[in-house]
Student: 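Structure incoming, see below.
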Amino acid sequence: MSNAFEWLSGDVVAVAKRLLGCVIVREIDGVRVVGRIVETEAYHQTDAASHSYRGRTPRTDVMFGPAGHLYVYFTYGMHYCMNVVTGVAGEGSAVLIRAIEPLEGLGVMRQNRHNRPDIELTNGPAKVCQAFAVDKTLNGHDLRQPPLLLVLQPPIDETTITQTTRIGISQAVEMPWRFYIANNPFVSKT
DNA sequence: CCGGTGATGCCCT
DNA sequence: GGGCATCACCGGT
């Protein structure tokens, strides 16, 4: 049987790279808010930095579910971050969306982001969620369905992908599982 | 420009 | 009760 999200079921690191350039389409009060993914990080249950490392819990349940759903978590008492679940059912893996290039609906993003400068609308994982109005109510959402869609795009040229260690973690700090589109101005600050 | 830090709630130990 | 896949602001340079 075929599945529109079969491409998400493979190795999480490969999927993290493949997600670069893919498009997120959000509908908020009838307005389309659209952007293209420019920075990602891979997380897997075999990796000490991953929420799924210590097993399946109420918080991480979605991460162990089928690929193509959204894993949203709350952190630092005030921020949400969003991940695309990858791998096969029962495998705890997901890709954190760290930064997006705004394409459409910038008025809504500016409003949601309290009129910050455009370059700061979506250049960080919690900023992305704020701009796209993503919170816990979308945890587990199927990304093939409105009001939040993930749309596959042609692969980014391998030579324009930069690979580094991940940001803001204290475990497995040496693992080079962060990817971004080189020279894109909307990548988060390091 | 850059490093340090306070805010703030929830999950897991 | 500790620690967080962060952000924005502050002050010194």
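Numbers restart at 1 for each chain; the letters A, B, ... are given by sequence-line order, proteins then strands. Treat the numbers as computed from the prediction; the structure is a model and nothing was measured. Worth knowing before you read on, the calculation uses all heavy atoms, side chains too, and leaves out hydrogens, waters and symmetry mates.
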Student: Looking at every strand, decide which applies to Ala49(A) at a 4.0 Å heavy-atom threshold: base, sugar-phosphate, or nothing.
Tutor: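 Base: the residue Ala49(A), judged by heavy atoms under 4.0 Å, touches a nucleobase.
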
Student: Whole-Å distance between dT6(C) P and Glu120(A) CD?
Tutor: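 After rounding, the gap between these two atoms is 16 Å.
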
Student: Counting only side-chain heavy atoms from C-beta out, which of dT6(C), dC12(B), dA5(C) sits nearest to Tyr43(A)?
Tutor: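 Taking heavy atoms from C-beta onward, the closest nucleotide is dA5(C).
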
Student: Treating Asn83(A) as the side-chain partner and Val85(A) as the backbone partner, does any N or O pair qualify as donor plus acceptor under 3.5 Å?
Tutor: no

Student: Please tell me which of the listed nucleotides, dC9(C), dT13(B), dT6(C), lies nearest to the side chain of Arg116(A)?
Tutor: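 Nearest nucleotide to the side chain: dC9(C).
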
Student: Reading DNA chain B from 5' onward, which residue's closest nucleotide shows up sooner: Lys136(A) or His79(A)?
Tutor: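 In this pair, the answer is His79(A).
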
Student: Would you say a side-chain N or O of Thr75(A) is under 4.0 Å from OP1 or OP2 of dC10(B)?
Tutor: no

Student: Tell me the interatomic distance from Arg166(A), atom CZ, to dT6(C), atom P, rounded to whole angstroms.
Tutor: 11 Å

Student: Of the listed nucleotides (dA5(C), dC11(B), dT6(C)), which one gets closest to any side-chain atom of Thr57(A)?
Tutor: dC11(B)

Student: Does the ring of Tyr73(A) meet both stacking tests against the six-membered base ring of dA5(C): centre distance under 5.5 Å and plane angle under 30°?
Tutor: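 It does not: the two rings, one from Tyr73(A) and one from dA5(C), miss the stacking criterion.
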
Student: After noting the C-alpha distance and the side-chain angles of His79(A) and Gln130(A), does the key distance pass the side chain to side chain donor-acceptor pair (under 3.5 Å) rule?
Tutor: CA-CA 8 Å; His79(A) 298 302; Gln130(A) 206 182 353; over 6 Å; no

Student: Out of the candidates Thr165(A), Thr162(A), Thr40(A), Thr164(A), only one should pair with Arg178(A) under the side chain to side chain donor-acceptor pair (under 3.5 Å) rule; please name it.
Tutor: Thr164(A)

Student: Classify the nucleic acid contact of Ile169(A) as base, sugar-phosphate or nothing, counting any heavy atom under 4.0 Å across all strands shown.
Tutor: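 Since only primed, P, OP1 and OP2 atoms lie under 4.0 Å of Ile169(A), the category is sugar-phosphate.
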
Student: If you assign Gln130(A) and Gly168(A) each to the DNA chain C nucleotide with the nearest heavy atom, which residue ends up on the more 5' nucleotide?
Tutor: Gly168(A)

Student: Can you measure His114(A) atom NE2 to dC9(C) atom P for me and round it to whole angstrom units?
Tutor: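 Between P of dC9(C) and NE2 of His114(A): 10 Å.
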
Student: For a quick check under 3.5 Å, do Ser93(A) and Thr86(A) share a side-chain donor-acceptor pair by atom type?
Tutor: yes

Student: My validator wants the stems of DNA chain C: runs of 3 or more consecutive Watson-Crick or G-U pairs, both distances under 3.5 Å, written as range with range.
Tutor: B:1-7 with C:6-12, B:9-12 with C:1-4

Student: Considering every strand and a 4.0 Å limit on heavy-atom distances, what is the contact class for Arg178(A): base, sugar-phosphate, or nothing?
Tutor: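 Nothing: the residue Arg178(A), judged by heavy atoms under 4.0 Å, touches no strand.
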
Student: Please output the side-chain donor-acceptor pairs of residues 23-30 of chain A that fall under 3.5 Å, not counting sequence neighbours, one pair per line with the distance.
Tutor:
residue	atom	partner	partner atom	Å
Arg26(A)	NE	Phe132(A)	O	2.8
Arg26(A)	NH2	Ala133(A)	O	2.8

Student: Could you tell me how far apart Tyr76(A) (OH) and dG3(C) (P) are, to the nearest whole angstrom?
Tutor: 12 Å

Student: Expressed in angstrom and rounded to an integer, what is the separation of Lys127(A) atom NZ from dC7(C) atom P?
Tutor: 5 Å

Student: Can you classify the ring geometry of Tyr80(A) versus Phe74(A) as parallel (below 30°), tilted (30 to 60°) or perpendicular (above 60°)?
Tutor: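 The rings of Tyr80(A) and Phe74(A) sit tilted, inter-plane angle from 30° to 60°.
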
Student: Using atom NZ of Lys189(A) as one end and atom P of dC7(C) as the other, report the distance to the nearest whole Å.
Tutor: 12 Å

Student: For a quick test of reading the model, state the closest non-hydrogen atom pair linking Ala172(A) to Ala48(A) and the distance between them.
Tutor: CB-N, 4.4 Å

Student: Using atom CE of Met78(A) as one end and atom P of dA8(C) as the other, report the distance to the nearest whole Å.
Tutor: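 Computing the Met78(A):CE to dA8(C):P distance gives 11 Å.
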
Student: Using side-chain contact (heavy atoms from CB on, under 4.5 Å) as the criterion, point out the one residue from Leu8(A), Leu20(A), Val12(A) that pairs with Val95(A).
Tutor: Val12(A)

Student: Would you mind reading off the distance between Arg98(A) atom CZ and dT6(C) atom C1', rounded to a whole angstrom?
Tutor: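 Rounding to the nearest Å, CZ of Arg98(A) and C1' of dT6(C) are 9 Å apart.
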
Student: For Met63(A), report the nucleic acid contact type (base, sugar-phosphate, nothing); a contact means any heavy atom under 4.0 Å.
Tutor: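 Counting heavy atoms under 4.0 Å across all strands, the contact made by Met63(A) includes a base.
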
Student: Taking the nucleotide of DNA chain B with the nearest heavy atom to each, does Arg59(A) or Phe74(A) sit closer to the 5' end?
Tutor: Phe74(A)

